[in-house]
Amino acid sequence: GDQVEQSPSALSLHEGTDSALRCNFTTTMRSVQWFRQNSRGSLISLFYLASGTKENGRLKSAFDSKERRYSTLHIRDAQLEDSGTYFCAAEAGGGSGNKLIFGTGTLLSVKP
Amino acid sequence: GGIITQTPKFLIGQEGQKLTLKCQQNFNHDTMYWYRQDSGKGLRLIYYSITENDLQKGDLSEGYDASREKKSSFSLTVTSAQKNEMAVFLCASSIQGWEQYFGPGTRLTVL
């Protein structure tokens with residue numbers, strides 16, 4: 001079936017540094033959503049993209065508008081509160097009924 | 001803004017027991033979803049519903065039933081809890097085809 005491959009699976013950053021997470025899709029996707037899950041398990045929506053890029057503070061996400069087969073999440077000037085598990089999830093559209101397919105997550109740890 | 005509430009927050013059951021989880025949303029969204037998350041893994045879709053009284057199977061529907069009693073509520077039943085099962089069940093809602101918003105989850109432990 002349709003798959004979402006997320007990388008890296010774990011990432012350790014020092015405060016103030018930049019990095020990027022990536023999700024590849026085995027088929028063309030209609031939209032992508034990025035989430036952060038905190039230590040209590042709450043899933044917070046960061047971005048929803050049907051194309052192009054979106055930016056919110058130190059976070060920026062892009063969804064490849066041509067092939068629609070990958071998305072990235074950039075973290076600029078990482079802070080301690082950015083720590084958590086990040087998930088991407090994509091929707092194939094068509095007859096999929098708005099079903100999201102989740103990646104396996106990136107465990108981000110930001111250190112002083 | 002709106003909110004999604006899930007009850008209970010923690011659910012402890014016995015092997016073979018039938019267990020029901022509830023979800024309410026006040027976004028007035030058409031579509032509601034139930035996902036399961038195992039420790040260290042991504043979410044997998046169990047059931048979803050695009051309108052009141054509608055029910056669609058996800059990838060993980062075996063062993064579960066669901067019911068969309070009204071637009072604002074969607075319940076999930078574990079038909080026979082499996083021994084040593086531990087997972088978090090997450091409810092979400094959306095306008096069909098758009099961004100999904102998630103509840104805080106119900107943590108299930110089966111003894």
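Chain identifiers are assigned alphabetically (A, B, ...) following the order of the sequence lines, protein sequences preceding nucleic acid strands; residue numbering begins at 1 within each chain.
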Check: If only atom types and distance count, is the side chain of R44(B) paired as donor or acceptor with the main-chain N or O of D59(B) below 3.5 Å?
Finding: no
Counting only heavy atoms closer than 4.5 Å, note whether [X] contacts chain A via side chain, backbone, both or neither.
X	value
I95(B)	backbone
E99(B)	both
L45(B)	side chain

Item checked: Q37(A) versus chain B, the contacting section by heavy-atom distance below 4.5 Å ->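 The side chain, not the backbone.
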Check: Checking heavy atoms, do the side chain of L49(A), its backbone, both or neither come under 4.5 Å from chain B?
Finding: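 Answer is neither: L49(A) stays 4.5 Å or more from chain B.
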[X] with [Y]: basic N within carboxylate O range, under 4.0 Å:
X	Y	answer
R36(B)	E85(B)	yes
R58(A)	D18(A)	no
R30(A)	E91(A)	yes

Checklist line | Heavy-atom pair with the smallest gap, counting every atom of Q33(A) and S45(A) | finding: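 Shortest heavy-atom separation between Q33(A) and S45(A) comes out as NE2-OG, 3.1 Å.
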